[in-house]
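The figures here come from the full heavy-atom set of this structure, side chains too, leaving out hydrogens, waters and symmetry mates.
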Amino acid sequence: MATGTQPPAAEPRPRGGGVHTPTRAAIRAPHLRTDRWWLAPAATAAGLLAFVVYSTWRAFANADYYAAPYVSPFYSPCLAENCEPMHGGPNWELFGTWWGISPAVLILIFPLGFRLTCYYYRKAYYRGFWASPPACAVAEPHKKYTGETRFPLVLQNIHRYFFYAALLVAGILTYDTVLAFRDEHYSFGHMGLGTLVFLANIVLIWAYTLSCHSCRHIVGGKLKHFSRHPVRYRMWQLVGRLNARHMQLAWASLVSVALADFYVYLVASGVFDDPRFF
């Protein structure tokens, strides 16, 4: 060994957050990206926050959610006795008079739980609100990574059960869409602008629900031979095509359900009358 040599200096700890181990590259900069990587998580956070604010206001407003024949998807089905009477509508008075706050709180937990545990929405709000990580190749501010193995994120594993509840909710909203083909006197054979709004919303709701990863697994998972299950194979292919657009369907259905509620609010509050085509 040569004399007078010094051992190599220890590499300085990289700056910024992120998980750093001896097996990872010791890059001092927080990231090496030069594009506007922050735009995507910022837009995602803004979009989700806007929906949270709007849906919270409408859920606790407990008013202007029914204008015959339309009922807001935020209030359907109505599970309390303090609901507005909806002729032929989803009035299921399962809760007695003791429930004094908005009945929307009783039902929104199911579609909300489905979206909160959705694989795409996890990515969206993990990046947008928790910066975990904020973008690809950008270190997160946390010093360690535990994934979804601890509370509360371990509850994400109940996504499949929320999927079953989402199917029920989508079925009820389909019933509401059928009722939208009535007029204000509850006679069928009519169509208004609200009917088209409800039709667009229910199509997007079903497309988003069926594009779920859990649905894809339920339809075609655990099959060793697709040739022996041709029906399930075709269903799996269809769900797979929808699953490829899961992100777009998630946002489209989020916007459509808010617009359907807002349309009912405008009609119920007397801002304008529902235009009738026939």
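More than 12 non-hydrogen atoms from other residues, nucleotides or ligands lie less than 6.0 angstrom from CZ of Phe188. Around atom CD1 of Ile109, no more than 12 heavy atoms belonging to other residues, nucleotides or ligands sit under 6.0 Å away.
Asp261 and Tyr75 are not linked by any side-chain donor-acceptor pair at a separation below 3.5 angstrom, with hydrogens and angles left out of the test. Arg115 and Ser253 share a donor-acceptor pair across their side chains, judged by distance under 3.5 Å alone. No hydrogens or angles considered: a donor-acceptor pair under 3.5 Å links the side chains of Ser76 and Asp176. Asp274 and Tyr263 share a donor-acceptor pair across their side chains, judged by distance under 3.5 Å alone.
With contacts defined as side-chain heavy-atom distances shorter than 4.5 Å, the pair Val257/Phe74 qualifies. Between Lys224 and His229, every side-chain heavy-atom pair lies at or beyond the 4.5 Å cut-off. Looking only at side-chain heavy atoms (C-beta outward), Met191 and Phe181 come within less than 4.5 Å of each other.
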Using ring-ring contact (aromatic ring centres under 6.0 Å, His included), reason through Tyr66 and Tyr265 one step at a time and then give a plain yes or no. CA-CA 8 Å; Tyr66 181 65; Tyr265 166 74; over 10 Å; no
Do Tyr126 and Glu148 pass the side chain to side chain donor-acceptor pair (under 3.5 Å) test, and can you show the C-alpha distance, the side-chain angles, and the key distance before you say yes or no? CA-CA 11 Å; Tyr126 284 178; Glu148 296 174 343; 2.8 Å; yes
Residues Leu49, Tyr125; criterion side-chain contact (heavy atoms from CB on, under 4.5 Å); working and verdict: CA-CA 10 Å; Leu49 184 61; Tyr125 63 76; over 6 Å; no
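Val255 and Ile202 are assigned to two separate hydrophobic clusters, defined by single-linkage of ILVMFWY side chains at heavy-atom distances under 4.5 Å. No path of Ile, Leu, Val, Met, Phe, Trp and Tyr side chains, each step under 4.5 Å between heavy atoms, connects Leu39 with Trp251, placing them in separate hydrophobic clusters.
Of the options Tyr119, Tyr121, Phe114, a ring pair (Phe, Tyr, Trp, His ring centres under 6.0 Å) to His213 is made by Tyr119 and by none of the others. Exactly one of Leu204, Leu199, Ile205 qualifies for a side chain to side chain contact (heavy atoms under 4.5 Å, CB included) with Asn201. That residue is Ile205.
For a disulfide, the SG atoms of both cysteines must be under 2.5 angstrom apart; this fails for Cys118 and Cys212.
Judged by the 6.0 Å and 45° rule, Arg182 forms no cation-pi pair with Tyr186.
The minimum heavy-atom distance between Phe198 and Thr177, with the atom names listed, is O-OG1, 3.7 Å. The shortest heavy-atom contact between Phe110 and Ala165 is CD2-CB, 3.9 Å. Of all non-hydrogen atoms in Gly192 and Arg276, the two that sit nearest each other are N-NH1, 3.8 Å. Nearest approach of Thr209 to Cys215, heavy atoms of both residues: O-CB, 4.2 Å. Closest approach of Ala180 and Tyr70 over heavy atoms only: CB-CE2, 3.7 Å. Nearest heavy atom pair, residue Thr149 against residue Val154, reads C-CB, 4.2 Å.
Side chain of Arg58 to backbone of Ala63: a donor-acceptor contact under 3.5 angstrom is found. For the pair Arg245 (side chain) and Ala207 (backbone), a donor-acceptor distance under 3.5 Å is absent. With hydrogens and angles ignored, the 3.5 Å screen pairs a side-chain donor or acceptor of Trp99 with a backbone N or O of Ile101. Judged purely by atom type and a 3.5 angstrom limit, Arg160 has no side-chain atom pairing as donor or acceptor with the backbone of Ser214.
Between Phe60 and Trp57, the distance from one ring center to the other does not fall under 6.0 angstrom. Taking the six-membered ring for Trp, Tyr120 and His246 have ring centres at least 6.0 Å apart.
In the hydrophobic clustering, where aliphatic and aromatic side chains (Ile, Leu, Val, Met, Phe, Trp, Tyr) are joined below 4.5 Å either directly or transitively, Phe226 groups with Val219, Leu223, Val231, Tyr233, Met235, Trp236, Val239.
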